Amino acid sequence: MPGKKSVIEIRGARVNNLKNVNVDIPRDALVVITGLSGSGKSSLAFDTLFAEANRRYVESLSSYARNFLDNLDKPDVDAIHNLSPAISIDQKSVSRSPRSTVGTMTEVYDYLRVLFAKLGVPHCPVCGKRLTRKSAREILDEILRLPDETALIFTAYNPTLVGKTETEALVSIGGLGYARVFFRGTLLTVAEASALASPVKVSKVEIVIDRLTLDFSRLDKERILDSVQTAFHVGQGTFVLRVPATGEERFYNEEYLCEKCGVHLPEFTPRHFSFNNPEGACEQCAGLGVTLKFDPELIIPNKNLSLSEGAIRPWSKTNGDRHTGQGTMQWLREASRQHKFSLDVPVKKLSAKHLNLILYGERDERQDAFPGVVALLQKKYRETKSDHSRADIEAYMLVKICSLCEGRRLKASARAVKLEGFSISDLTRQSVAAFLETLKVLREKLLKTEKLKILDPLFREMSMRLHAVEKVGLGYLELSRGADTLSGGEAQRIRLSVQMKSGLSGIIYVLDEPTIGLHSRDTERLINALEDLRRANNSLVVVEHDVAIMRRADYIIDMGPGAGSNGGEVIFAGTPNMLTHSKLLTGQYLSGKRVLSEKKQSRRLSEAAITICGATEHNLKNIDVTIPLGMLVAVSGVSGSGKSSLVHNILSRALSKYFYRAKLEPGAHKKITGLSNLDKVITVTQDPIGRTPRSNAATYTGVFSLIRDLFAETIEAERDKYSASHFSFNMRGGRCEACQGGGLKKIEMYLLPDVYVPCEVCQGTRYNAKTLAIEYRGMNIADVLRMTIADARKFFLDQPLIEEKLRVLEEVGLGYLVLGQSATNLSGGEAQRIKLATELARKSTGKTLYILDEPTIGLHFEDVRRLFEVLEALVAKGNSVLVVEHNIDVIRYADWVLELGPEGGEQGGELIFSGSPAKLKTCARSFTAKYL
């Protein structure tokens, strides 16, 4: 055991289910905390160690700053010694804003903006011509290179003269005090030109600003400079320098100007390349790259109905006027009489012209002309203040790539600025790995310019940051990828890469399963990155189940022995080697003595299958993929190889559209065959089950409604005439009105994330005193919400409907979860298993396809075994299960494996293997084979 000063001493930790835990965590080491789901890993790492380090940091701030942060409670722990500042990198605290991208999260995009503002060459966004401009000083230097005694004429055309006749133009010029003009190609005085001018003809009359002859013996630079600046002023940014001896005309622009297209471009600053700034953001999508558009198919989904039968869906809900106010159907009736179409025939029998009129309105300028369904819905959408109404109307809209910027987020003027042939959008659409190569090429080309000495630090910073991103296994991500599309693991690893670049020392990093979504090959890179942090004298405390990380750790703490109230103890603390030789569950899985399953043999390949033909979404290379049904099929491949594009963007969306008329458009593919072999699809992803503290496992699965019904049937509730809704914390009557049933109060932190603190009136129970007085078997409704799922199942054992839903939650490894635990505190893996349990509790038809996205996330080996028993039972009933997985045990356990690759990004997107796991071992192109 290391010396006393080289360990963090935790004494008497009792947070959540921890049972007076005493443990020493080595400093400057990679320490893994593992154990069953719900055994107390996060309680020890995040709620005790990090929470106390964070609290002590806040206490060191000024009293003014603490006014906003004074609700950070001390964790229930007797003492923690030798604690240093801590940084928590978990999956939930990363910005999910659609305005954030991989480029902005890593700050590489900020450096790119500076680079383009300084070195970018503007081009005309219309014709593509390279645009130039010169400053007054540069023009002076150019003039001084002309031969001695060269005569020069400075002329400028004032834009205020546009559209004026020759006579009117000359009167205006005389009023400005200028004596000479360039008129019909000749130098004349204003009086001479006026004698020739036409009172009706419009032509370009240029003002002569100055005439001079270069005399290097007594050169007046100030006069030349003054003439240039005056010419720019009169010409509002442009002027012509004429050399009569040679007939040469030199056009100069103060701004970037394309004379052919009439396009003026400003002086570019970093702001002009920011899609979060009005100066740079695309005018149509405001920098989001996507827009919401009304979809005719969603507005009129059933064309067998007539208009009078409610074919227009948004109007059919409440006599035609839910989203438009009174009189719309009457309006439409008037239009039908005028344009001679019937409201009583099925919509499919109406002509395309009439259908277009119904949707987009009459083109008449009349006051009472019918504006069309789309225009009326748009008006309502703009004017409504209700979030509910907006969400309702959004059901008839689709998210479409912005037609103006084509998803690139920036104005055309910013996209037309090029650096060695690349626009800023071209660079951000490259993967991190490809961009690093481009960066090298750009640097070499720009070495020749004088400016590189100033800009070299930009290249160094970008290169360092992106090498760190590549180190954590994210080289396949595009810089333009939105933060809202990243998985929890990807977002966490981006934050880790930023920390690696920071170069801090003596910090405690607390990480929450950083290997999520990583292939075994990429896990190696991640471990190397973690070891780099450790070598910089930092301490790493990692909550993890991955075998590779556990074997490379310096120290392992195993929590257990069970989950929930049966956990909360340190059952092992020592080196990986000591754990491997122990008789503990984790040790046996680590040593290979115990395996996920003793599966005898894979199922036989059935004839029933679905085939995706010509998949080209993202990096998929026009591949055909056949997925056998009635089996457990795993889709594997390195990160970024195209698994999500194939399974989620194409297959899941196409099936949802086919079976449920879902509005999300499937990714690019030709067709899918074999759909008749299925009768429904259930897709279970890691998306949150709710985004507010009001959503929890009990409300999502529907078990809370059944529990409220039970409470409403008690004698006391019937006496007080309390219905089931009285026991809802979302309804007036039974809830605490101080926090409106939230149990927590939100404190806005302005520049920091909002903080939730318990309500001081109900002490976090969510209910008022009268509701809490009603009990069922000695427990009130708040007591029930505080039970774990395992305890609640025992409590409601004689209530079959409740017991069944809770049993399935327990079977997928969630017995430790508290029923009322808010959705905002659930990990991606927990949210996914709650969704899975909700679907499993429904009756299966035997022809259902279950699509799961890495269901083993956050699961201990033993929990994975239990989960696959559940999935096995589904397949045994004739259903099909398709899992996207990196877990080698799962791939080994599957009946059939589809591997995409061979690499991520552009080097991926091919189907490199389809067959049994046993045959995958011999596939030379597969990285998975090496780990099997």
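Fair warning: this is a prediction, and the values are worked out from it, not measured in the lab.
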Original post:
Please walk me through it: do R793 and E810 pass salt bridge (Lys or Arg N to Asp or Glu O under 4.0 Å)?
Top reply: CA-CA 9 Å; R793 188 187 163 200; E810 204 172 358; 3.0 Å; yes
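- Between the D863 side chain and the S37 main chain, a donor and an acceptor come within less than 3.5 Å of each other.
- In this structure the side chain of L882 never reaches within 4.5 angstrom of the side chain of Y850, judged on heavy atoms.
- Residues F861 and V547 have side chains in contact (heavy-atom distance under 4.5 Å, counting atoms from C-beta outward).
- With a 4.5 Å cut-off on side-chain heavy atoms, T788 and L819 do not count as touching.
- Annotation: side chain of L849 is in contact with side chain of I851 (closest heavy-atom distance under 4.5 Å).
- A distance of 5.0 Å separates OG of S645 from CG of L620, quoted to the nearest 0.5 Å.
- Judged purely by atom type and a 3.5 angstrom limit, R833 has no side-chain atom pairing as donor or acceptor with the backbone of L867.
- Between the side chain of R481 and the main chain of T485, a donor-acceptor pair closer than 3.5 Å is present.
- Take K41 and apply the side chain to side chain contact (heavy atoms under 4.5 Å, CB included) test, not counting sequence neighbours, and it matches I33, S39, V543, H545, M559.
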**Request:** Check the pair S591, H581 against side-chain hydrogen bond (donor to acceptor under 3.5 Å, both in side chains), reporting the backbone distance first and the verdict last.
**Result:** CA-CA 8 Å; S591 65; H581 291 94; over 6 Å; no
Q | Steps toward side chain to side chain contact (heavy atoms under 4.5 Å, CB included) verdict (Q430, E478) | A | CA-CA 5 Å; Q430 295 184 355; E478 290 181 1; over 6 Å; no
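- Smallest separation of non-hydrogen atoms from G630 and V875: O-CG1, 3.5 Å.
- The distance from the CD1 atom of I549 to the CD1 atom of I556 is 10.5 Å, given to the nearest 0.5 Å.
- Looking only at side-chain heavy atoms (C-beta outward), R429 and S480 come within less than 4.5 Å of each other.
- Note on ring orientation: taking the six-membered ring where Trp is involved, the planes of H860 and Y589 are perpendicular (angle over 60°, cut-offs 30° and 60°).
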| task | Evaluate the criterion side-chain hydrogen bond (donor to acceptor under 3.5 Å, both in side chains) for residue pair T683 and S652; output intermediate values, then yes/no. | result | CA-CA 7 Å; T683 303; S652 174; 2.8 Å; yes
- Task: Show your working on side chain to side chain contact (heavy atoms under 4.5 Å, CB included) between V510 and F46 and close with a plain yes or no.
- Result: CA-CA 7 Å; V510 187; F46 289 94; 3.7 Å; yes
Please determine whether side chain to side chain contact (heavy atoms under 4.5 Å, CB included) holds for the pair V883 and V890, giving the CA-CA distance in whole Å, both sets of side-chain angles, and the decisive distance to 0.1 Å. CA-CA 9 Å; V883 288; V890 174; 4.3 Å; yes
Salt bridge (Lys or Arg N to Asp or Glu O under 4.0 Å) assessment of K835 paired with E839: CA-CA 6 Å; K835 290 182 197 170; E839 297 300 342; over 6 Å; no
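- No donor-acceptor pair under 3.5 Å is formed between the side chain of R866 and the backbone N or O of G813.
- Using a distance-only test at 3.5 Å, with no hydrogens or angles considered, no donor-acceptor pair links the side chain of Y700 to the main chain of A823.
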>> Set out, in order, the CA-CA distance, both residues' side-chain angles and the distance that settles side-chain hydrogen bond (donor to acceptor under 3.5 Å, both in side chains) for T34 and D558, then state yes or no.
In response: CA-CA 5 Å; T34 191; D558 194 5; 5.0 Å; no
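- Contact check on R603 versus E872 returns a salt bridge, with a Lys/Arg side-chain nitrogen under 4.0 Å from an Asp/Glu carboxylate oxygen.
- With hydrogens and angles disregarded, no donor-acceptor distance shorter than 3.5 Å links the side chain of D546 to the backbone of T515.
- By the 4.0 Å N-to-carboxylate-O rule, R525 lies too far from E470 to be salt-bridged with it.
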Handout entry: Residues T848, L678; criterion side chain to side chain contact (heavy atoms under 4.5 Å, CB included); working and verdict
Key = CA-CA 6 Å; T848 303; L678 297 170; over 6 Å; no
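- Using modelled atom types and a 3.5 Å distance limit, the side chains of T580 and N577 yield no donor-acceptor pair.
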Can you list the steps and then say if E899 with S926 is a side-chain hydrogen bond (donor to acceptor under 3.5 Å, both in side chains)?
CA-CA 7 Å; E899 172 125 7; S926 164; 3.2 Å; yes
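- Here CG of N619 is found 5.5 Å from NZ of K621. Values are rounded to the nearest 0.5 Å.
- Defined by atom type and a distance below 3.5 Å, a donor-acceptor pair is present between the side-chain atoms of S639 and D522.
- Inspection of the N696 and S822 side chains reveals no N or O donor paired with an N or O acceptor under 3.5 Å.
- Between Y476 and E906 the shortest side-chain heavy-atom distance does not fall below 4.5 Å.
- Rounding to the nearest 0.5 Å gives a distance of 10.0 Å between CG of L526 and CZ of R552.
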Please test E903 against R521 for salt bridge (Lys or Arg N to Asp or Glu O under 4.0 Å), starting from the C-alpha separation and ending with a verdict. CA-CA 11 Å; E903 291 284 346; R521 182 198 70 169; 2.8 Å; yes
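- The side-chain hydrogen bond (donor to acceptor under 3.5 Å, both in side chains) search around E910 returns R925, not counting sequence neighbours.
- Atoms CG and OG, from D895 and S916 in turn, are 10.0 Å apart once rounded to the nearest 0.5 Å.
- When the side-chain hydrogen bond (donor to acceptor under 3.5 Å, both in side chains) test is applied to D554, the partners found at least two apart in sequence or on another chain are R534.
- Panel note: side chain N17, backbone A563; no donor-acceptor pair is recorded below 3.5 Å.
- The neighbour count for K471 NZ, taken as heavy atoms of other residues, nucleotides or ligands under 6.0 Å away, does not exceed 12.
- Between the side chain of N649 and the main chain of L646, no donor-acceptor pair closer than 3.5 Å is present.
- Side-chain atoms of N879 come within 3.5 Å of backbone atoms of G846 as a donor-acceptor pair (strictly under, hydrogens ignored).
- N528 CG to L533 CG: the interatomic distance, rounded to the nearest 0.5 Å, is 12.0 Å.
- Under the 4.5 Å side-chain criterion, counting only non-hydrogen atoms from C-beta, I557 is in contact with V31.
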*Can you list the steps and then say if R493 with E490 is a salt bridge (Lys or Arg N to Asp or Glu O under 4.0 Å)?*
CA-CA 5 Å; R493 288 195 293 281; E490 286 170 334; 5.3 Å; no
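- For K670, the NZ atom counts as loosely surrounded, since its 6.0 Å shell holds 12 or fewer non-hydrogen atoms of other residues, nucleotides or ligands.
- Side chains of V625 and L898 form a contact here, defined as non-hydrogen atoms less than 4.5 Å apart.
- For H669 (side chain) and G614 (main-chain N/O), no donor-acceptor pair under 3.5 Å exists by modelled atom type.
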